[in-house]
2 protein chains.
Amino acid sequence: MSAKREKILESKARKSQEELMGAVTLENITSDPRSQTVPTPSLRRLPLYLRLLRDYQAQGRTVVSCTQLASDLRFDPTQVRKDLALTKVGGRPKVGYPIAELIAAIEDFLGWRRTIEAVLVGVGSLGTALLGYNFSLYGLSIVGAFDSAPDKVGQVVHGREIMPIGYLTNFIRQRGIPMGILTVPASAAQSVAEMMVAGGVKAIWNFTSAALQLPDHVLVERADFSASLAVLTRALAHGARSLAPTIPKKEVT
Amino acid sequence: MSAKREKILESKARKSQEELMGAVTLENITSDPRSQTVPTPSLRRLPLYLRLLRDYQAQGRTVVSCTQLASDLRFDPTQVRKDLALTKVGGRPKVGYPIAELIAAIEDFLGWRRTIEAVLVGVGSLGTALLGYNFSLYGLSIVGAFDSAPDKVGQVVHGREIMPIGYLTNFIRQRGIPMGILTVPASAAQSVAEMMVAGGVKAIWNFTSAALQLPDHVLVERADFSASLAVLTRALAHGARSLAPTIPKKEVT
DNA sequence: GATAAATCGCGAATAATTTCTCTATTGGAG
DNA sequence: CTCCAATAGAGAAATTATTCGCGATTTATC
């Protein structure tokens, strides 16, 4: 009897998290209410295809089969077909997909053909590296760099003068910047993120290990290394033996 | 009639890819033949819990409920429970999980309590940033840095002298280094990766956008930004409107 | 032209992951 | 000491993602 209430309570808790305050991390969410729901795993694979297609194009090829793509990426050909179907570009049997069209369609699909402006906060080693990165192929342009350290402010890093963090919110607001890149120490992440949100960013690319608590309408994408590293170290530490070729699941004795 | 043969052919193609040459990217593979199969998504979430648990511990707390963790991370409480169950650390009803124990168990599970040695190749801006990063909490130690540019060789970056790339394979072999970190330009990625494999690395942490073609026993984990960025830019470019608050998945009537 | 080989595309089946439901503990309040 | 609220845990159900099976289409070859 009281049992029933319990579940309801926990269910409620879940619901309200989701609906009232949950920052949409998309790590978490796999379906989304966008025009057509795009499987997140597919979305994350698209840049791989794009990269490969550019290679093929550089080699002078004009068409490619999904079999070829799959073999180069070690994916299942069907999966490649499904992913590419998202772009609405059709392939021709016995020939494949038109490379130039596919490239354009994927870029379009990902929003990489129009430039999104972003600010970066935290010009440490990683922030510096990102400032040096050319994101133009990814439709991204870092138009402002900020740091809280007085001795960094005023320095020019990769062509951008570092501004004091006090200017951040106004800078974002005045220029309507939709995206913030967080490369500060984890301890500062939450407060800097809040400044970004106060300025009106719609999305935050979070390179810190901190879990941000932000309003629902702000999209947060985690990009810190730990998730990726976890997969590697777990395998090396516990599964090293099974990385050897073709050892069956259970060692039979 | 001939139809039947066709499918068989494509099936065969898939099979042989997988069995004969596929580098295990773990992006791709979701179940794996290790001792117990660990869901990759869970594995990737564990560092998040770990990070949060350390925060709680720093605040002097000794136990935490999965409800609390879930609320901080905007996850489903059940999911947190399932993930934590991987560690075999049990929680007490009405109390929660013992923080110190959980931290130790997760670190153990991820292999972060023993140090894995790695070499890094490509001391550009990203490579430099990684060299400056302290990975000791992640059970990783970068013990050698390499670059092909003669003017970089001999320089000391974050306490490590850059070695010429010609030394790479022997360095790895002599010291039994199990892991290579790839931060070279994409065009050099394949050949450097092959040198790493020749030296005997078991795993490669690939920060380039290149799709590596390596033997089956080498674990390759992609860490380039494009996947993460794709999720963000797609949402900003196409889904901005749906980032508006509180649109429930299904409206209940 | 007819035939064969390669490949796309769709719908179904399978597998993996997440979420839900229910039960059993536990600690605290009356 | 009994009841209540919070929570873990285990199994079922739902959802999501991947893989398979088949028919249709296209190009090249004979």
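Quantities reported herein were computed from a predicted structural model and do not represent experimental measurements.
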First encountered from the 5' end of DNA chain D, between Pro93(A) and Ser42(A):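 Taking each residue's closest nucleotide, the earlier one in sequence belongs to Ser42(A).
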
What is the separation between atom [atom1] on [X] and atom [atom2] on [N], rounded to the nearest whole Å?
X         : N       : atom1 : atom2 : answer
Leu69(B)  : dT7(D)  : CG    : P     : 11 Å
Gln68(B)  : dA8(D)  : CD    : C1'   : 16 Å
Leu102(B) : dG9(D)  : CG    : C1'   : 15 Å
Tyr97(A)  : dA6(C)  : OH    : P     : 18 Å
Leu43(B)  : dT18(C) : CG    : P     : 12 Å
Gln79(B)  : dA8(D)  : CD    : P     : 15 Å
Asp83(A)  : dT16(D) : CG    : C1'   : 14 Å
Lys94(A)  : dT3(C)  : NZ    : C1'   : 11 Å

Residue met sooner reading DNA chain C from 5', once Arg92(A) and Lys82(A) are mapped to nucleotides: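 The residue mapped nearer the 5' terminus is Arg92(A).
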
Closest non-hydrogen atom pair between Val220(B) and Leu212(B), with its separation: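 That closest heavy-atom pairing would be CG1-CD1, 4.1 Å.
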
Distance-minimising heavy-atom pair for Arg51(A) and Ala186(B):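 Of all heavy-atom pairs spanning Arg51(A) and Ala186(B), the closest is NH1-CB, 3.2 Å.
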
Donor-acceptor contact below 3.5 Å, side chain Gln190(B) vs main chain Ala210(B):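 Checked: no pair found.
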
Phosphate OP1/OP2 of dA17(D): any Arg45(A) side-chain N/O under 4.0 Å: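 Result: no.
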
Just compare [options] and give me whichever is closest to any side-chain atom of [X].
X        : options                  : value
Val95(A) : dC8(C), dC20(D), dT27(D) : dT27(D)
Arg81(A) : dG9(C), dA8(D), dT19(C)  : dG9(C)
Pro41(B) : dC8(C), dG9(D), dT17(C)  : dT17(C)

Cationic tip of Arg92(A) above Tyr97(A) ring, under 6.0 Å, 45° of axis: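 Pair Arg92(A)/Tyr97(A) does not count as cation-pi.
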
salt_bridge(Arg44(B), Glu221(B)) N-O dist < 4.0 Å: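 Salt bridge between Arg44(B) and Glu221(B), a charged N being under 4.0 Å from a carboxylate O: yes.
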
